[in-house]
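Each remark here refers to the structure printed beneath this line.
We number each residue from 1, following the sequence as shown.
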Amino acid sequence: MKRNIRKHKSGMGIVAIAVLIVFAVIMFNRRELDSKYETLKAKESEYQKQIEKLEEEQKGIEEYKAYIESDENIENIAREKLGLVYPGDIVFEPEDE
């Protein structure tokens, strides 16, 4: 019976050591994961700032596109660059010297 108790105690000791080893491995891996988590959080924040910047640029481009396609802009280009006028408009030209 004493022999069984010794085997039982030594078996419990081995199990306890195995549990401690597993616990140590888990804690070591947790530190690595925490470090990776912090790195990823920083990247996420950086990417969020880039997204906001790109959204602002997109908004500006859309506004510029709307202006370029507007009738007012097309009319200005036709008057200034092409010299077109509406029928009935009076055109004043500078005198040549």
Side-chain angles (χ1 to χ4, degrees):
M1 189 154 179
K2 286 186 178 185
R3 195 172 206 189
N4 284 340
I5 292 174
R6 278 191 225 163
K7 284 183 182 179
H8 183 65
K9 284 184 179 180
S10 65
M12 289 296 288
I14 292 172
V15 169
I17 290 171
V19 168
L20 288 174
I21 290 172
V22 169
F23 181 75
V25 169
I26 289 171
M27 291 307 291
F28 179 75
N29 286 337
R30 180 171 182 216
R31 287 185 186 158
E32 280 186 41
L33 290 175
D34 285 344
S35 175
K36 286 181 183 179
Y37 176 78
E38 292 300 322
T39 302
L40 292 174
K41 282 299 254 184
K43 283 184 180 181
E44 178 187 27
S45 175
E46 181 181 324
Y47 291 148
Q48 189 62 38
K49 289 177 186 176
Q50 287 179 358
I51 287 171
E52 290 171 4
K53 181 181 175 187
L54 291 173
E55 285 174 347
E56 287 179 25
E57 286 181 25
Q58 181 182 12
K59 183 180 176 184
I61 290 170
E62 288 172 358
E63 289 173 358
Y64 182 69
K65 179 184 174 195
Y67 168 73
I68 293 296
E69 293 175 347
S70 71
D71 291 339
E72 178 185 355
N73 182 53
I74 294 170
E75 184 179 330
N76 285 337
I77 290 173
R79 286 181 179 269
E80 293 173 7
K81 304 220 177 196
L82 302 175
L84 299 176
V85 293
Y86 284 113
D89 279 355
I90 300 173
V91 179
F92 296 97
E93 294 183 12
E95 292 181 14
D96 290 334
E97 291 184 24

To the nearest 0.5 Å, what is the distance between [atom1] ([X]) and [atom2] ([Y])?
X: Leu54; Y: Tyr47; atom1: CG; atom2: OH; answer: 12.5 Å
X: Lys43; Y: Lys36; atom1: NZ; atom2: NZ; answer: 11.0 Å
X: Ile68; Y: Ile77; atom1: CD1; atom2: CD1; answer: 6.0 Å
X: Leu33; Y: Leu40; atom1: CG; atom2: CG; answer: 10.0 Å
X: Arg31; Y: Asn29; atom1: CZ; atom2: CG; answer: 11.0 Å
X: Ile74; Y: Leu82; atom1: CD1; atom2: CG; answer: 11.5 Å

More than 12 heavy atoms of other residues, nucleotides or ligands under 6.0 Å from [atom1] of [X]: is that the case?
X: Glu72; atom1: CD; value: no
X: Asp34; atom1: CG; value: yes
X: Arg79; atom1: CZ; value: yes

For the pair Thr39 (side chain) and Ser35 (backbone), establish whether a donor and an acceptor sit closer than 3.5 Å, ignoring hydrogens and angles.
yes
Donor-acceptor pair, Asn73 side chain versus Ser70 backbone, under 3.5 Å?
no
Would Glu44 and Lys41 count as a salt bridge (charged side-chain N to carboxylate O under 4.0 Å, His left out) if you check the C-alpha gap in whole Å, the side-chain angles of each, and the deciding distance to 0.1 Å?
CA-CA 5 Å; Glu44 178 187 27; Lys41 282 299 254 184; 3.6 Å; yes
Please assess Lys53 against Lys49 for the test side chain to side chain contact (heavy atoms under 4.5 Å, CB included), listing each intermediate value before the final yes or no.
CA-CA 6 Å; Lys53 181 181 175 187; Lys49 289 177 186 176; over 6 Å; no
May I ask you to test the Lys59-Glu55 pair for a side-chain heavy-atom distance under 4.5 Å?
no
Partner of Ile17 under side chain to side chain contact (heavy atoms under 4.5 Å, CB included), chosen from Val15, Ile21, Val19
Ile21
